[in-house]
Amino acid sequence: MPTNGLHQVLKIQFGLVNDTDRYLTAESFGFQVNASAPSLKRKQMWVLEPDPGQGTAVLFRSSHLGRYLSAEEDGRVACEAERPSRDCRFLVLPQPDGRWVLQSEPHGRFFGGTEDQLSCFATAISPEELWTVHLAIHPQAHLLSVSRRRYVHLCPQEDEMAADGDMPWGVDALLTLIFQSRQYCLRSCDSRYLRSDGRLVREPEAHACYTLELKAGKLAFKDCDGRYLAPTGPAGTLKAGRNTRPGKDELFDLEESHPQVVLVAANHRYVSVRQGINVSANQDEELDHETFLMQIDQETKKCTFYSSTGGYWTLVTHGGIQATATQVSANTMFEVEWRGRRVALKASNGRYVCMKKNGQLAATSDFVGEDEEFVLKLINRPILVLRGLDGFVCHRRGSNQLDTNRSVYDVFHLSFSDGAYQIRGRGGGFWYTGSHGSVSSDGERAEDFLFEFRERGRLAIRARSGKYLRGGASGLLRADADAPAGVALWEY
């Protein structure tokens with residue numbers, strides 16, 4: 001199967017949290033480092049790189065500065081090196097509780113401290129030299145078993161998670177990583193948590209919390225008994241095995257979760273490839289053949305639709321649309337026009353996709369009418385986590401308003417009706433907009449919001465006023481942006 005960007009392993013960005021719950025920060029001024037920040041933002045994000053010398057040492061590069069953490073012989077630390085030198089090499093020493101100790105490889109001293117008193121001069125490990133890893137990526141993704149090359153998904157009938165999927169297809173393949181009390185939980189699409197014995201439970205109890213470990217860019221999940229999650233048995237059931245050290249069976253990749261959508265035409269039937277290669281609106285139910293993976297090109301903002309049968313939609317002779325392309329090309333790219341509760345698709349021939357009388361789709365229209373409009377429904381985000389330029393969306397303490405600059409996130413629930421989405425938060429209250437663009441989260445009645453998938457991995461949310469939801473200097477979510485760009489775009 002061609003990849004064509006379908007399966008992108010996420011670059012693991014993370015923050016390092018010290019014993020006083022402060023994040024390692026790389027400052028632009030003087031390239032100094034400190035541990036003063038209470039939350040994870042751009043200055044607190046780091047990337048782990050292998051040592052170019054192929055040794056066991058690693059490099060810590062600031063995502064914000066693009067420079068490397070270094071420790072001199074006298075213990076002074078900085079984040080100034082544009083290219084890695086000998087002083088930039090560290091050994092990561094995982095501790096029994098999952099925290100890291102960073103040891104300068106050339107000098108043998110340990111890195112730690114508090115506030116702006118950081119150094120790499122300790123000869124013994126104390127609490128000040130212990131660091132917790134906090135992933136900085138969007139927490140909703142697909143999990144791929146490295147050894148089996150199969151995707152983890154929820155198996156509702158067996159009441160378990162299993163690594164047995166060839167493709168991360170449908171809502172069951174979506175996992176949400178929940179970070180709490182310095183550990184991670186794996187939350188399924190139906191809002192249950194995976195216990196280390198393979199059971200799914202409603203609350204994140206002790207046996208459903210894992211310490212995260214990184215090994216050569218892969219993830220391992222260690223339970224409270226020191227054992228690691230791994231696929232087991234012929235079915236690939238995910239649970240903790242016997243191993244107390246992570247091998248290939250215990251390693252996983254996180255992959256980006258692209259939107260998967262269904263489309264409904266003017267005849268109220270689902271667009272499908274169930275009856276062959278022609279893309280047609282002729283089905284009454286939404287299953288795999290009616291689900292399409294939607295990818296947006298970062299440069300052109302046009303999108304492709306990939307079917308469960310293994311082909312992209314493509315423009316063919318006389319304007320027909322077939323799901324037969326194995327490579328992305330100009331003919332597989334479609335421009336999306338967002339028309340309120342409906343969308344229109346323009347093909348590479350400059351014409352709009354319409355539904356013919358027999359239900360088949362063809363790009364033969366010069367104008368948009370009823371037959372050229374479709375309902376587009378996102379199906380693989382029943383629960384939603386939003387991240388803007390300044391951080392995650394989260395309930396404001398003691399208020400019905402929403403913050404947009406938090407390092408922790410709340411999970412919101414989505415429902416769908418006639419081209420619009422309703423968003424529910426903590427306690428089941430609905431999002432709604434008030435006067436002057438305020439957004440609250442304790443509504444008794446649902447308000448409709450329109451989702452527009454504008455960029456790869458980012459959407460705009462339009463309120464009933466026609467304005468877009470945005471973050472900003474106040475740190476509060478507001479519905480007063482005129483255009484779907486910048487602070488009005490959200491990772492989802």
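Remember, it's a predicted structure, so these values are computed and weren't measured experimentally.
For the residue pair Gln117/Thr114, the side-chain donor-acceptor check at 3.5 Å is not satisfied. Thr300 and Asp297 are linked by a side-chain donor-acceptor pair at a separation below 3.5 angstrom, with hydrogens and angles left out of the test.
In this structure, Arg61 pairs ionically with Glu49, as a charged nitrogen and a carboxylate oxygen lie closer than 4.0 Å. With salt bridges taken as basic N to acidic carboxylate O contacts below 4.0 Å, none links Arg67 and Glu80. With respect to Arg470 and Asp480, a salt bridge is recorded, a charged nitrogen being found less than 4.0 Å from a carboxylate O.
Under a cut-off of 6.0 angstrom, the local environment of CD in Gln298 is crowded, with over 12 non-hydrogen atoms contributed by other residues, nucleotides or ligands.
Minimum interatomic distance between Ala220 and Tyr228 (heavy atoms only, all atoms of both residues): CB-CD2, 3.9 Å. Considering all non-hydrogen atoms of both residues, His64 and Arg42 come closest at CB-O, 3.4 Å.
Note on ring orientation: taking the six-membered ring where Trp is involved, the planes of Phe453 and Tyr492 are tilted (angle from 30° to 60°). Classified by interplanar angle (parallel below 30°, tilted 30° to 60°, perpendicular above 60°), the ring pair Phe392/His138 is tilted. Using cut-offs of 30° and 60° for the angle between ring planes, the Phe412 and Trp431 rings count as perpendicular. In this pair, Tyr312 and Tyr306 present their aromatic rings perpendicular. The plane angle is above 60°, beyond the 30 to 60° band.
Here Tyr421 and Phe416 bring their ring centres to under 6.0 angstrom of each other.
Once rounded to the nearest 0.5 Å, the distance linking CG of Leu376 with CE of Met294 reads 5.5 Å.
Here the rule is salt bridge (Lys or Arg N to Asp or Glu O under 4.0 Å) with Arg150, and of Asp164, Asp253, Asp166, Asp249 only Asp166 fits it.
Residues meeting the ring-ring contact (aromatic ring centres under 6.0 Å, His included) test with Trp46, sequence neighbours left out: none.
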